[in-house]
Student: 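Quick one: the structure is below, and I'll ask about it shortly.
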Amino acid sequence: MTDLAEPDRLTKIATLRSRGIDPYPAHGVTGTPITQLLQGAGSAAAPGPLIGTTVTIAGRMLNVRDFGKLMFAPVIDRTGRIQIGFQRDKLTDWWPDRKLLDGGDLIGVSGELGFTQKGEATVWAAEVKLLSKAVASPPEKWHGLVDKELRYRRRYVDLWSSEGVADVFIKRSKVLTTIRRYLEDEGYLEVETPTLHPIAGGAAARPFVTHHNALGMDLFLRIAPELYLKRLIVGGLERVFEVSRNFRNEGLSARHNPEFTMLELYEAQADYRRMMEISEQLIERSAVAVNGTTRVTFRGKEYDLKAPFSKKPYTELFRTKNGFDFDDTSRVKQRALELKIHDTGDPWKLMNDVFEATVEDELEGPMMVVDYPVQISPLAKQKPDDKRLTERFEVFIAGMELGNAFSELNDPVEQARRFEEQVASKDPEAPGVVDWDYVQALEYGMPPAGGLGIGVDRLVMVLTGQDSIRDVLLFPAMKPQHGDTPPAEIEPESPVAENTRTSRT
RNA sequence: GGGCGAGUAGCUCAGUCGGUAGAGCAACUGGCUUUUAACCAGUAGGUCCCCGGUUCGAGCCCGGGCUCGCUCACCA
């Protein structure tokens, strides 16, 4: 047992057993969802149809108020909370055992639904069954769990003890349902592609490295599913999407978790204009599904997510904020110095860093930045009328990037050239080797296609008004707790790469 | 990694000038048939994050360290 287990409650378990009561019975009680009971109860002034009938509920009992011959306690289930009234006169045999129940215990109760003198809907217990004895106390009754670290570590308590927490995750689920339903209606196929990648491609990020013993090789946890999904477009599946858990070995923040969920989709014969429409639809429909309106409040500001979103060219935003063109490399360098941006040696990364520092944070949105320079868009197709730019856009809300999409580059020769350029660049986040298998796929011919990625966690943040990504993840990344037993060491047959970056030597 | 803040009972927090460690809730005992953070009386509960220093005396002052939160940087 851990030190959360209270000796007194453990003693009660022994007492229960000695009286022939199993504190952890094999079978539960099927109850009516509490919200349904409350609806059927109506109010004391206008009693509903369930008043006076015998009902059954199952849930967690909290906060017992004992009057000696009468006792009240709320019981919660996933739908709501209702009060149970225990009366000695109606529970003569059970009454002496009531002290064996504690706040936090899971119980099943049957009895007549009625009201108290104060008019609160109450189940007057006629039968009580202990379903599971809690040996740890529930959180303090009026502050609840306030310590953020404890809330994340003990999400299993936070979910039922903190107001609104479960609701965020119910909404998150609704967002995913909405996305799936919409894409299925559009003729998309949901697919699953590998999480273990021999080459960490499809995005610029530092990967996690792991090791496969039988194959005797290092593998990367995927940083994006992109290159596999486009192989499926070559394969003729035409419209595919994946809800992909991606892993990036980078810093943590209110917007970044090492594993996060990305929706990626690809559609043959489409281009980035079609992706704009899909982005707008996905976001607008998700907003309506969870909030019933396209209006949301996020970080103190109101946004209307109604389609269509405004669109502005990258180059124009760049010029307006900086006073010179994005491809004026000497002035970009100078500006980067002014902004104290670290120069990795890659002039185009520097240009984009200047863009991010000067433009992105102020993009309240919802808005789409369109037509990105080709040098920072290695997988996007060039614009026919301006080869310096690509058919690419990103969606921003509240200065936060929510989505990224483009007309997919399907020219194998050009793709190989860009991969080689990337590998030769000084960007530490660029892949270390060319993905020749992907180039080979393109050599067979990929139809013109549009692709889109949407950060699901961030979308849920905006839709539920949560400032931190940790509040939309059930179990956000945490350091192991001091004193935790470390996980069993697995002996690799050969050492895992020393550096977490893609090796480029 | 930088900046700011925090660490005292199971939980939420006080702790004055450096002088015997406190409250509410939770727990335990007793009372109470209509409460809503029920109430009343009582009991128990402490490595004041750790190590060192100053001092007659340190929760408090000094030095070092650890952990956590927020934030900036990196990143989506």
Side-chain angles (χ1 to χ4, degrees), chain A residues 2-9 11-12 44 62-74 81-91 95 99 102-104 114-122 124 135-154 157 161 202-206 223-224 246-264 339-342 344 349 352-353 356-357 360-361 394-396 399-404 428-429 453-459 461 467-470 478-484:
Chain A
T2 75
D3 49 11
L4 275 181
E6 290 181 10
D8 182 64
R9 292 186 182 220
T11 306
K12 286 181 184 177
L62 304 168
N63 191 15
V64 179
R65 299 181 290 275
D66 188 346
F67 288 80
K69 297 188 185 68
L70 170 74
M71 192 167 93
F72 291 107
R81 157 191 299 244
I82 196 167
Q83 176 167 265
I84 309 297
F86 304 83
Q87 292 161 293
R88 188 186 62 174
D89 297 348
K90 288 190 182 172
L91 291 160
W95 198 250
K99 298 266 181 191
D102 291 294
F115 293 103
T116 61
Q117 288 173 5
K118 293 275 167 67
E120 177 165 348
T122 298
W124 294 106
V135 295
S137 309
E140 209 263 3
K141 69 184 169 195
W142 89 75
H143 294 99
L145 262 190
V146 296
D147 185 300
K148 283 197 174 184
E149 187 197 351
L150 274 185
R151 289 189 44 211
Y152 299 141
R153 287 194 194 282
R154 300 191 192 153
V157 177
S161 67
R206 298 179 189 193
I223 57 172
N246 297 344
F247 305 85
R248 298 189 183 176
N249 206 341
E250 290 162 351
L252 286 75
S253 80
R255 293 163 210 78
H256 300 88
N257 195 65
E259 49 183 302
F260 64 102
T261 304
M262 191 100 188
L263 166 71
E264 281 205 13
L339 295 166
K340 292 177 185 155
I341 294 170
H342 174 66
T344 58
K349 180 171 164 41
N352 198 43
D353 287 346
E356 286 177 5
E360 276 195 6
D361 291 351
E394 292 196 356
V395 186
F396 288 87
M400 199 161 65
E401 183 192 332
L402 236 67
N404 183 16
E429 287 170 357
I454 286 187
V456 172
D457 313 282
R458 290 181 173 184
L459 176 60
M461 283 169 69
D467 290 353
S468 172
I469 195 169
R470 284 187 278 271
M478 303 283 280
K479 276 194 191 176
Q481 209 162 3
H482 186 67
D484 275 0

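No hydrogens, no waters, no symmetry mates; every other heavy atom, side chains included, goes into these values. Naming: A, B, ... by sequence-line order, numbering from 1 per chain.
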Student: Applying a 4.0 Å non-hydrogen cut-off, can you work out what Arg151(A) is touching in the nucleic acid: base, sugar-phosphate, or nothing?
Tutor: nothing

Student: When you measure from the side chain of Arg248(A) to the backbone N and O of Pro258(A), does any donor-acceptor pair fall under 3.5 Å?
Tutor: no

Student: Hey, what do you get for CG (Leu70(A)) to CZ (Phe86(A)), rounding to the nearest 0.5 Å?
Tutor: 10.5 Å

Student: Are the side chain of Asn249(A) and the backbone N or O of Arg206(A) linked by a donor-acceptor pair below 3.5 Å?
Tutor: no

Student: Hey, does Trp124(A) reach any base, or is it just sugar-phosphate, or nothing, if we go heavy atoms under 4.0 Å?
Tutor: base

Student: I'd like to know if the side chain of Arg458(A) and the backbone of Glu401(A) have a donor-acceptor N/O pair within less than 3.5 Å.
Tutor: yes

Student: Is the backbone of Arg9(A) close enough, under 3.5 Å, to the side chain of Thr11(A) for a donor and an acceptor to pair up by distance?
Tutor: no

Student: Write down the distance between CD (Glu259(A)) and C1' (A76(B)), rounded to a whole number of angstrom.
Tutor: 15 Å

Student: For atom C1', what is the distance between A37(B) and C13(B), given to the nearest Å?
Tutor: 16 Å

Student: Whole angstroms only, please: what is the CE-P distance between Met461(A) and A76(B)?
Tutor: 15 Å

Student: What is the minimum heavy-atom distance between Ala73(A) and Leu62(A), and which atoms define it?
Tutor: CB-O, 3.6 Å

Student: Locate the shortest heavy-atom distance separating Gly119(A) from Ala44(A); write the atom from each residue and the value.
Tutor: CA-CB, 4.0 Å

Student: Name the pairing partner of G52(B), where a pair is Watson-Crick or G-U wobble with both distances under 3.5 Å, or state none.
Tutor: C62(B)

Student: What's Lys12(A) touching, base or sugar-phosphate or nothing? Going by heavy atoms closer than 4.0 Å.
Tutor: sugar-phosphate

Student: In this structure, how many angstroms lie between the P atom of A73(B) and the CD atom of Glu360(A), rounded?
Tutor: 12 Å

Student: Considering every strand and a 4.0 Å limit on heavy-atom distances, what is the contact class for Glu401(A): base, sugar-phosphate, or nothing?
Tutor: sugar-phosphate

Student: Output a table of nitrogen or oxygen pairs between the protein and nucleotides 11-14 of chain B separated by less than 3.5 Å.
Tutor:
{"residue": "U12(B)", "atom": "O2'", "partner": "His143(A)", "partner atom": "NE2", "Å": "3.2"}

Student: Assign Ala203(A) to base, sugar-phosphate, or nothing according to its heavy-atom contacts below 4.0 angstrom with the strands shown.
Tutor: nothing

Student: Atom CH2 of Trp124(A) and atom CG of Leu91(A): how far apart are they, to the nearest 0.5 Å?
Tutor: 11.0 Å

Student: Between U55(B) and C49(B), how far apart are the two P atoms, rounded to whole Å?
Tutor: 23 Å

Student: What distance, rounded to whole Å, do you find between the two C1' atoms, one in U12(B) and one in A26(B)?
Tutor: 11 Å

Student: Just by modelled atom types, is the Lys99(A) backbone N or O under 3.5 Å from a matching donor or acceptor in the Lys12(A) side chain?
Tutor: yes

Student: From the list C68(B), A76(B), U34(B), which nucleotide is the closest neighbour of the side chain of Arg248(A)?
Tutor: A76(B)

Student: For Arg153(A) and C68(B), give me the distance from atom CZ to atom P, rounded to whole Å.
Tutor: 7 Å

Student: Between C60(B) and G19(B), how far apart are the two P atoms, rounded to whole Å?
Tutor: 11 Å

Student: Using atom C1' of each nucleotide, how far apart are C68(B) and U29(B) to the nearest Å?
Tutor: 38 Å

Student: For a quick check of understanding: with a heavy-atom distance under 4.0 Å over all strands, which category does Asn352(A) fall into, base, sugar-phosphate or nothing?
Tutor: nothing

Student: Checking side-chain contact (heavy atoms from CB on, under 4.5 Å) for the pair Arg65(A)/Gln83(A): CA distance, chi angles, key distance, verdict?
Tutor: CA-CA 11 Å; Arg65(A) 299 181 290 275; Gln83(A) 176 167 265; 3.0 Å; yes

Student: Would you kindly give the CG-to-P distance between Asp89(A) and U34(B), to the nearest whole Å?
Tutor: 12 Å

Student: Give one of base, sugar-phosphate or nothing for Lys99(A), where a contact means two heavy atoms less than 4.0 Å apart.
Tutor: nothing

Student: For C4(B) and G59(B), measure between their P atoms and round to the nearest Å.
Tutor: 27 Å

Student: For Ile469(A) and C70(B), what is the distance between atoms CD1 and C1' respectively, to the nearest whole Å?
Tutor: 17 Å

Student: Write down the protein N/O and nucleotide N/O pairs, taken from nucleotides 36-38 of chain B, whose separation is under 3.5 Å; answer none if there are no such pairs.
Tutor:
{"residue": "U36(B)", "atom": "O2", "partner": "Glu120(A)", "partner atom": "OE1", "Å": "3.0"}
{"residue": "U36(B)", "atom": "N3", "partner": "Glu120(A)", "partner atom": "OE1", "Å": "2.4"}
{"residue": "A37(B)", "atom": "O3'", "partner": "Lys141(A)", "partner atom": "NZ", "Å": "3.4"}
{"residue": "A38(B)", "atom": "OP1", "partner": "Asn63(A)", "partner atom": "OD1", "Å": "2.7"}
{"residue": "A38(B)", "atom": "OP1", "partner": "Lys141(A)", "partner atom": "NZ", "Å": "2.7"}
{"residue": "A38(B)", "atom": "OP2", "partner": "Asn63(A)", "partner atom": "OD1", "Å": "2.9"}
{"residue": "A38(B)", "atom": "OP2", "partner": "Asn63(A)", "partner atom": "ND2", "Å": "2.5"}
{"residue": "A38(B)", "atom": "OP2", "partner": "Arg65(A)", "partner atom": "NH1", "Å": "3.1"}
{"residue": "A38(B)", "atom": "N6", "partner": "Asp66(A)", "partner atom": "O", "Å": "3.1"}

Student: Charged N to carboxylate O below 4.0 Å: is that the case for Asp147(A) and Arg151(A)?
Tutor: no

Student: Which sits closer to the 5' end of RNA chain B, Phe115(A) or Arg458(A), going by the nucleotide each is nearest to?
Tutor: Phe115(A)

Student: Between atom CD in Glu356(A) and atom P in C72(B), what is the gap in whole Å?
Tutor: 15 Å

Student: With both distances under 3.5 Å as the test, what is the Watson-Crick or G-U wobble partner of C39(B)?
Tutor: G31(B)

Student: Could you check how far CD of Glu149(A) sits from C1' of C66(B), rounded to whole Å?
Tutor: 13 Å

Student: Watson-Crick or G-U wobble partner for U12(B), using a 3.5 Å limit on both distances?
Tutor: A23(B)

Student: Name the closest nucleotide to the Gln87(A) side chain, picking from U71(B), A76(B), U34(B).
Tutor: U34(B)

Student: With C1' as the reference atom in both, quote the distance from A44(B) to G18(B) in angstrom, rounded to an integer.
Tutor: 30 Å

Student: G1(B) pairs with which nucleotide, Watson-Crick or G-U wobble, both distances below 3.5 Å?
Tutor: C72(B)

Student: Using the P atom on both, measure A76(B) against C66(B) and round to a whole Å.
Tutor: 31 Å

Student: Does U67(B) have a Watson-Crick or wobble mate here (both distances under 3.5 Å), and if so which one?
Tutor: A6(B)

Student: Determine the minimum heavy-atom distance between Thr261(A) and Asp457(A), stating which atoms define it.
Tutor: N-OD2, 2.7 Å

